[in-house]
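What follows is a short report on a single structure.
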Amino acid sequence: ILDDPDLKDIDPTVLKHCHAAAATCILEAGKQKADISAISTCLEDCKLDKERIEQFCTEYQRREPVTVVSFSIGRSPLHVTDVSWRLEYQIKSNQLHKTYQPSYLVTLNVEKGDSGSHPDVSFSCTMEQLQDLVGKLKDAAKGLERAAQM
């Protein structure tokens, strides 16, 4: 980006901040599974002009949907080395109402390629969310197999 002749008059620090802001916007939109109208409204609130909003939304739609699965962004992402889980059954809420909500507590043991182990990544999810995660992981594994065969 810094070598682009169209951007030579822009302060490199400002350019880096703009790039980080755009990347964050795309990642958050993907995380929230935001549709174009929500993205457009958000960008309007940020005082972007209509032309830039349309250009951003057009480019966003042309790309495959963004899904954030990574636990860190950097030169050396975390690698999952083990998974453990347990079933949690919530019987009462803080207001003493009976809830009877089962959920899964999942812990991913992770390590960074260059510096060994890191704190585990833990999260809670419903059975439907866990089934969705497993399905997405299976799709990713199939994608890797296809890529390896090429």
Side-chain angles (χ1 to χ4, degrees), residues 1-2 13-150:
I1 293 176
L2 295 175
T13 304
V14 171
L15 197 56
K16 287 179 185 179
H17 285 288
C18 291
H19 186 266
T24 301
C25 180
I26 292 166
L27 287 172
E28 284 301 316
K31 244 198 265 190
Q32 303 300 324
K33 297 182 180 173
D35 61 355
I36 293 303
S37 64
I39 295 169
S40 181
T41 302
C42 179
L43 294 175
E44 285 172 6
D45 291 345
C46 293
K47 308 290 187 229
L48 263 69
D49 60 38
K50 294 272 186 205
E51 182 183 322
R52 288 179 193 248
I53 293 172
E54 288 175 12
Q55 185 178 12
F56 183 89
C57 290
T58 301
E59 285 297 318
Y60 184 83
Q61 283 180 316
R62 285 186 4 182
R63 308 287 181 233
E64 290 187 24
V66 179
T67 308
V68 180
V69 181
S70 175
F71 298 107
S72 77
I73 297 174
R75 295 177 188 258
S76 151
L78 298 176
H79 298 280
V80 177
T81 58
D82 195 16
V83 178
S84 59
W85 61 274
R86 71 171 195 243
L87 180 62
E88 175 183 66
Y89 203 77
Q90 183 179 3
I91 298 173
K92 291 184 180 181
S93 67
N94 290 344
Q95 292 80 26
L96 299 177
H97 298 293
K98 294 182 179 183
T99 57
Y100 302 113
Q101 293 179 334
S103 63
Y104 291 92
L105 295 174
V106 179
T107 302
L108 304 175
N109 298 50
V110 295
E111 66 179 28
K112 205 157 189 143
D114 57 356
S115 61
S117 74
H118 277 268
D120 295 340
V121 176
S122 298
F123 59 92
S124 177
C125 60
T126 64
M127 183 181 354
E128 293 82 17
Q129 291 170 326
L130 187 58
Q131 287 172 335
D132 185 47
L133 175 63
V134 169
K136 288 179 181 179
L137 289 171
K138 286 180 180 179
D139 290 345
K142 287 178 187 174
L144 282 173
E145 286 176 10
R146 282 191 297 258
Q149 291 174 355
M150 291 182 168

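If you're wondering where the values come from, they're calculated on a predicted model, not measured in any experiment.
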Distance (rounded to the nearest 0.5 Å) between Cys25 SG and Ile39 CD1: 6.5 Å

Contacts of type side-chain hydrogen bond (donor to acceptor under 3.5 Å, both in side chains), residue Glu44, not counting sequence neighbours: Lys50

No-hydrogen, no-angle side-chain donor-acceptor test under 3.5 Å, Ser37 and Asp35: yes

Listed partners of Asp132 passing side-chain contact (heavy atoms from CB on, under 4.5 Å), at least two apart: Lys136

Leu48 CG to Glu54 CD distance, which is reported to the nearest 0.5 Å: 12.0 Å

side-chain contact (heavy atoms from CB on, under 4.5 Å) assessment of Val106 paired with Val83: CA-CA 7 Å; Val106 179; Val83 178; 4.0 Å; yes

Residues Glu111 and Thr81: side-chain donor-acceptor under 3.5 angstrom: no

Atom pair NE2 (His17) and OG1 (Thr24), whose distance is rounded to the nearest 0.5 Å: 11.5 Å

Residue pair Leu105 / Ser122, side-chain heavy-atom distance below 4.5 Å: no

Point-to-point distance, once rounded to the nearest 0.5 Å, from CZ of Arg52 to CG of Leu43: 11.5 Å

Residues Tyr104, Met127; criterion side-chain contact (heavy atoms from CB on, under 4.5 Å); working and verdict: CA-CA 7 Å; Tyr104 291 92; Met127 183 181 354; 4.0 Å; yes

CG-NZ distance between Asp45 and Lys47, expressed to the nearest 0.5 angstrom: 7.0 Å

Nearest-0.5 Å distance, CD1 of residue Ile36 to OG1 of residue Thr58: 8.0 Å

Shortest non-hydrogen contact from Glu88 toward Ser124: OE1-OG, 4.5 Å

Minimum heavy-atom distance between Cys125 and Leu130, given as atom pair plus value: SG-CB, 3.8 Å

